[in-house]
Amino acid sequence: MAGSVGQVSLPPVELAEFPILAQRVHGNRLAYLDNAATTQKPRSVIESMTHYYEHDNANVHRGVHLLSQRATDAFDAARVKLAQFIGAQNPNSVLWTKGCTEAINLVAQTWGLANLGPDKRILLSAMEHHANIVPWQMVAERTGVTITPIPVSDEGVLDIDWLRANLDETVALVGVKQICNALGTVNPIGEIATMAHAVGALILVDGAQALAHAPANVVADDLDFYAMSAHKAYGPTGVGALYVRPEILRDLAPYQGGGDMIRTVSWEGTTYNDPPNRFEAGTPNIAGVIGFGAALDFLTRIGIDRIHLHEESLLEYGTSALSAVPGLTLRGTAPCKAAILSFTLDGIHPHDLGTLLDGHGVAIRSGHHCCMPLMKRLGVPATARASLAVYNTQQDIDQLVFALHEAKRVFA
Amino acid sequence: MAGSVGQVSLPPVELAEFPILAQRVHGNRLAYLDNAATTQKPRSVIESMTHYYEHDNANVHRGVHLLSQRATDAFDAARVKLAQFIGAQNPNSVLWTKGCTEAINLVAQTWGLANLGPDKRILLSAMEHHANIVPWQMVAERTGVTITPIPVSDEGVLDIDWLRANLDETVALVGVKQICNALGTVNPIGEIATMAHAVGALILVDGAQALAHAPANVVADDLDFYAMSAHKAYGPTGVGALYVRPEILRDLAPYQGGGDMIRTVSWEGTTYNDPPNRFEAGTPNIAGVIGFGAALDFLTRIGIDRIHLHEESLLEYGTSALSAVPGLTLRGTAPCKAAILSFTLDGIHPHDLGTLLDGHGVAIRSGHHCCMPLMKRLGVPATARASLAVYNTQQDIDQLVFALHEAKRVFA
Amino acid sequence: MELENLYQEIILDHAKKPRHFGLLVDATHRSEGHNPLCGDQVTLTLEVRDGVITEIGFEGCGCAIALATASLMSSAIQGKSTDEALQFSQQVLQAVTSQCDDTEPLGDLAALTGVRRFPMRVKCATLALHAIQDALTSGSIERK
Amino acid sequence: MELENLYQEIILDHAKKPRHFGLLVDATHRSEGHNPLCGDQVTLTLEVRDGVITEIGFEGCGCAIALATASLMSSAIQGKSTDEALQFSQQVLQAVTSQCDDTEPLGDLAALTGVRRFPMRVKCATLALHAIQDALTSGSIERK
Ligand SMILES: Cc1ncc(COP(=O)(O)O)c(C=O)c1O
Ligand SMILES: Cc1ncc(COP(=O)(O)O)c(C=O)c1O
C-alpha cells in the first residue's frame, strides 16, 4: 500500500476508506484539493457517529441509565485520546469547543478579558487567520490592549528577528499559526514559545491546519494554549478543542453559563465546577466528540509520520508541476512548508479559476482564505489554493495541472 | 398506525424508524423515558448526516466547487426550514448555535452586555434551567443588573399576578421557559410577551423542551428571543438555534470573532458582516445543521398536532398509573402540562430509583434537572423524571410502573 | 457544466478590457460594494445631470464575472435616465437570479444569465448591480 | 445487572438508619462535599483528640450509596488514629474505583465494591470518602 512509484509515494490509506472520493463531478473523477477548508471523512469516523446514534445516544454525565453510561464512557474516552495525541499529560486540560474559532474566542473572553489592559501588548503573526485576529480586536475594544502584527516576508516566512527585538515584559501574549492555511508556512512554535516565556508572555498556537499533518506536542513545545478543529483532521464538523496549560486553566474564569459548568446554583449566587466542565456549559456535541475520537484513532492507525512523508512527496511533485505552468506564481515559498500550494495565474482571477477547475472535477479554494491582512501584505486580492491530504495522489495533481491548462485556453 | 387502543393512542410513527429502540437493556426491552434530556433520532436524521459526509462534505459559503455548493445549499435550506417551523418570516433572523445554552449565552453577551445596567432588572421564572440563570448572573457581575425570580406555586405554576404587579419600566427582560423540563409546566408565553412589551421589556423564551412538542410561533407569540436545541427535537447533538426579532438583530453587536462574520479585516480595524453571518464565526456544524433540518422534516411529516395528541394521551395514562403507586408523589401538577412526569417515592432516593429502573430497561433521569433553585423552592433535593416522546407507548409506562414496584421490593 | 455559457465571448471581452474603468472626478453619485465571502470589491461613480446619467466610471477588483457585469452595465446605462437605469438594473438582477426566460430586453446583458447555473457565482454578478442601485437611490454626493 | 450486589443488605440498612447522623458541636475538623452532577451533598465533622478520632458525625442528603458510605465509614474510623483513618479511606477509595480484589481488610465496607459495576454511581460512594480525607488533611477548625 505505502511505497513510492517513480517520485511520488502512494497514499498510506486505501482510498475506498473515503466514500466521498468515489463520486464523479461533472463527469470527471473528483480531485479533492480543498483539504485546508475541510478534510473528507473516513468510513470509520462516519460509522462511529452512526453507531452512537443507533445504539448509545443519551445525554452525558447526568444519567444513571445504561445508554447514558455508554455515551459518557465514549465521550470521556475521546478526551483521553486527544490529550494523548497532542502530548498533554492531563485529559482535563483539553476542553471541547465548537471548533478552532470558538477555542480562540474562549481564550480571548476568559484569559484575555481578565489579564489584558492598556499597558499590555499582543503580538500576532501577520499571517494569522481572522479567527486569531478578530477575537483579539474585540478584546482590545474592551481592555485597550495593543495588537501588533509580527512581520512576514514576501516568501511567507515569519520575521523571528523582529519578534526577538520586540518581545519585552509588556507583551502578554504571542499568537501564531502552527501551519499557515493560506501559504503552507510552518512556524517554529517551540522556538517562539521559548522566546515568549523568556519575557513572561504566554503563547497561543492556532493548530487548525496542523492537527492532521504535524500536530504539536504541547509539553515538548511548551505551549500555553493550543486550538484545534476536528473537521480539518478527518473528524466531523461542529467540534473542536482547546488545550490550556493546567496551571492557567485551574484559575480561569468560566466562559459560557449553564448546565454542567456549575457546582451549585442559587438566586443568591452560583459556584462553578472544576475544569474541564467549568468551560463546557450545556449538552456538548456528543456524537461530534465521539467522531473526533474516531478521527484520532484513524490518524494514529495510519501514523503521522507516514502521512507526513506522503504529503511531503506530493508537495514536492506539486511544486515542480505548478512551477512549470506558464504565468503561474506560487505564493508562499517558505523553506519549511506543509502541503499547501497557493498560487495566482496571470490574467485569470482565482474565482474564475475555481469555477473552471471545478468543471474538470478539481476542487480547490480561491479567495482570501480568511487572511485579508496577509493578502494585503502580499499585494494580492486573492489566491487559488490546492491543499493536500493523506488520500491525495499524483493523479490529483496531474488533473489540477491539466485543468489549469484548459482554463488558460478559455481565457486565452 | 395512528389511532387509540382503549385509552392510550398508538404512536403516530413506526417505532422501526428509531433504530436505537430495538435494543435490549440488561435483558429487557428498552423503555426510553429520558426524552427531556435528549430524544432518540429517526433513521432519516442519521442518514441525512451520513449522506452529507459520503457525498457532499465541504466547507460552506466560501468555495465555488460543486461539493461546497451542495453543502451550502443544504445548509441554507435548513435555515429556511427552521424559520418556517417557528413562524419566523425571515430565515436570516435564525442563528445557528451549539445548542440552547449557547443561544442564551449569545443573547446575554451581545444584547445583555450592551443594554443592561444597575438601573435595570431582569425577571426570570423561578423554574428556569441553569442555562437561563447563570448567563445572566455572569452579565449581572459585569453590569450590575438586578435579577429577580418570578415565583412558582407548589404545583409548579408561574405566578402571573406577581409578574403583572412587578413589571415596570425598570424591567429590561423577562426570561421564561416555554415548557419546564423538571415539571412539565407549560407557561403562557404569548400572554407574558404582551405583558412584558406593555412596559417596554423584551421577552426571551427558552424553547428547549417545546420545539418537538409544541413549538412557539415567534410572530404570533410576539417573541424577541427564542432559544432551541436540535438534540431535544429528534436532531443531532452539537447544534441549536436562536431566533432574534429582526429589528433587534440588525443592530446587535457581534458575538464571537473569526471567519465568515466579518466584512473586512485589517490591523487598523475590522467591519462586520450582516446577520446571520455576523453571529456565526468559523466553520459551522454543517452536518449538524443538515441533521437539524432533517429532524424538522420528520416533525413536519408526522405533524405537531398528532404528536401532541399522542403525548397528551400518554400523559393522562401515565399520571393515573403513577398516582396509583403507593408512596409516590407527583411533582409538577400544573393544569397546563406537557408529557413530563416528575416524582419522588417515599424511602427511595431518585438516584437509587434511576439505577433500579435501569435494571429493568427503563431509562429515566434523576437529579435536579439543572434546576437547583426550583428544587430548593419545592423542598426536594432531586426528583425522578419520566419524559415522553412521540415513540413512547403504553407499554413503556407499564414497564415503568412495574419497575417502580420492583424497586420498592428491594428497598422494603 | 456549461462553462461556455458562463464565460461567453462578450463576458471575457469586457472582463479583459473593462469599459468605463476609472473613477469620475466630477461624480454626483457614488457607492461601494463589497462581497465579504470572496473579497471582491467595486467602487462606482456617476455623473447625473437633469435626471440623466451622463457619465459613469468604476474601479474595483474581482473576477471576470464581476468586472464584466460592471463594464456591461456601465455601457448599458450611460445616457439613460436614472429611472430607466434603476428599472433596467432590476431587470438584469431578476434575470441572473431567477428562472425568467425572456432575456430579449437585456441586450448584451443577456450573456450574464449563464451565471444562474453557478449559484456560488451569482453574487459576483450582483455586486455591480447592487452598487448601481445604491448609487442611484442613496449615493448622492453632497456638493461643497 | 447485579443490583443485589449494589444494594446489599448492609448498605440498605445503613442507608435507612445512618449511624453517626448529626453534626458535632465540639468538632475540631470539618469538611463539605458536593457532587455537582447529582446534587448530593455531605457535611462531616470530626473530633480529634491526641491524634485519635474520638467522635464523628455527618449530615447530608443523597442516595442510599452516599448515605451508607458515610455511615459505614464513620462507624469504621471512629476510634482510629487520623493516620489510620486516612490510610483506610484510601484503601476503600481504591477498592470502589479499581479492580483490586483483596477486599478482606475492608470489613463491612467490602459491600461497597458492588458499585464498581455501576460507573455512574461510583461518585456517590466517593463523596463521603473524599469528605473524610478533606476533613483530616485540611479541615482543621481554628479555635476561637
Ligand atoms: C428547559 C431547558 N433549557 C435549556 C436546556 C439546555 O439545553 P442544551 O443542554 O441542549 O444547551 C435544557 C436541556 O437540558 C432544558 O431542558
Ligand atoms: C489556520 C486556521 N485557523 C483557524 C481556522 C478556523 O477554524 P474553524 O473554522 O474550524 O473554527 C482555520 C480554518 O479555516 C484555519 O485554517
Side-chain angles (χ1 to χ4, degrees), chain A residues 19-20 23 25 34 37-38 40-41 46 50 53-55 57-59 62-67 98-99 101-102 105 130-131 133-135 137-138 149 229 231 236-239 256-259 262 264-267 270 281-283 285-288 351 354-355 358 363 365-367 370 372-373, chain B residues 19-20 23 25 34 37-38 40-41 46 50 53-55 57-59 62-67 98-99 101-102 105 130-131 133-135 137-138 149 229 231 236-239 256-259 262 264-267 270 281-283 285-288 351 354-355 358 363 365-367 370 372-373:
Chain A
I20 203 170
Q23 76 186 292
V25 164
D34 194 15
T38 199
Q40 298 305 338
K41 321 305 173 199
I46 303 173
T50 306
Y53 282 127
E54 292 190 348
H55 299 275
N57 175 63
N59 215 322
R62 275 169 292 174
V64 295
H65 55 77
L66 183 68
L67 296 185
K98 206 158 47 169
T101 300
E102 182 174 54
N105 276 274
H130 296 164
I133 299 175
V134 185
Q137 291 179 325
M138 292 166 81
S229 271
H231 73 94
T237 58
V239 61
Q256 297 178 341
I262 55 89
T264 59
V265 174
S266 80
W267 295 109
T270 286
T283 304
N285 187 349
I286 307 169
H351 287 122
T355 298
D358 180 51
R365 176 113 331 192
S366 47
C370 291
M372 282 192 189
Chain B
I20 203 170
Q23 75 187 293
V25 163
D34 194 14
T38 199
Q40 298 306 337
K41 321 305 171 198
I46 304 173
T50 305
Y53 282 127
E54 292 189 347
H55 298 275
N57 175 64
N59 216 322
R62 275 168 292 174
V64 295
H65 56 76
L66 182 69
L67 296 186
K98 203 157 53 169
T101 300
E102 182 174 55
N105 277 274
H130 296 164
I133 298 175
V134 184
Q137 291 180 325
M138 291 166 82
S229 272
H231 74 94
T237 57
V239 61
Q256 299 179 339
I262 54 89
T264 58
V265 174
S266 78
W267 295 108
T270 286
T283 304
N285 188 348
I286 307 168
H351 287 121
T355 299
D358 180 51
R365 176 113 332 192
S366 47
C370 292
M372 282 192 187

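Note that this is a predicted model, so its numbers are computed, not measured.
Residues B/T237 and A/N285 bring a donor and an acceptor atom of their side chains to less than 3.5 Å of each other.
When heavy atoms are compared at a cutoff of 4.5 Å, B/I286 approaches chain A by way of both its backbone and its side chain. Within the 4.5 angstrom heavy-atom criterion, atoms from both the backbone and the side chain of A/T264 approach chain B. Heavy atoms closer than 4.5 Å to chain B are found in the side chain of A/D34, but not in its backbone. Of the atoms belonging to B/L66, heavy atoms from both backbone and side chain fall under 4.5 Å from chain A.
Between A/Q137 and B/S266, the shortest heavy-atom contact is NE2-O, 2.9 Å. Contact record, A/N59 with B/T38: N-CG2, 3.6 Å, taken as the closest heavy-atom pair. Here the closest heavy-atom approach between residue A/V265 and residue B/V134 is recorded as CG2-CG2, 3.9 Å. The shortest heavy-atom contact between A/Y53 and B/K41 is CD2-CG, 3.4 Å. Taking both residues in full, the closest heavy atoms of A/H65 and B/A363 are given as CG-CB, 3.5 Å, listed atom of the first, atom of the second, then distance.
The most heavy-atom pairs under 4.5 Å with chain A, out of B/V25, B/T283, B/T50, come from B/T283. The residue among B/G99, B/G288, B/A37 with the most heavy atom pairs within less than 4.5 Å of chain A is B/A37. Contacts with chain B were tallied for A/C370, A/S229, A/P236, A/P149; A/P149 has the most, counting heavy-atom pairs under 4.5 Å. Options A/R365, A/H231, A/H55, A/M372 differ in how many heavy-atom pairs under 4.5 Å they form with chain B, and the most are formed by A/R365. With respect to chain B, the highest number of heavy-atom pairs below 4.5 Å among A/G63, A/G258, A/G367 belongs to A/G258. Taking B/A281, B/P373, B/A58, B/A131 one by one and counting their heavy-atom pairs under 4.5 Å with chain A, the maximum is reached by B/P373.
A donor-acceptor contact shorter than 3.5 Å is absent between the side chain of B/Q256 and the backbone of A/P135.
The CD atom of B/E102 sits 5.0 Å away from the CD atom of A/E102 when rounded to the nearest 0.5 Å. In this structure, CD1 on B/I46 lies 14.0 Å from CD1 on A/I46, to the nearest 0.5 angstrom.
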Chi angles and distances behind the side-chain contact (heavy atoms from CB on, under 4.5 Å) call for A/L67, B/Q40 | CA-CA 11 Å; A/L67 296 185; B/Q40 298 306 337; 3.9 Å; yes

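A/N105 is linked by a side-chain hydrogen bond (donor to acceptor under 3.5 Å, both in side chains) to nothing, counting only residues two or more places apart in sequence or in another chain. Applying the side-chain hydrogen bond (donor to acceptor under 3.5 Å, both in side chains) criterion to B/S366, with sequence neighbours excluded, gives no partner residue.
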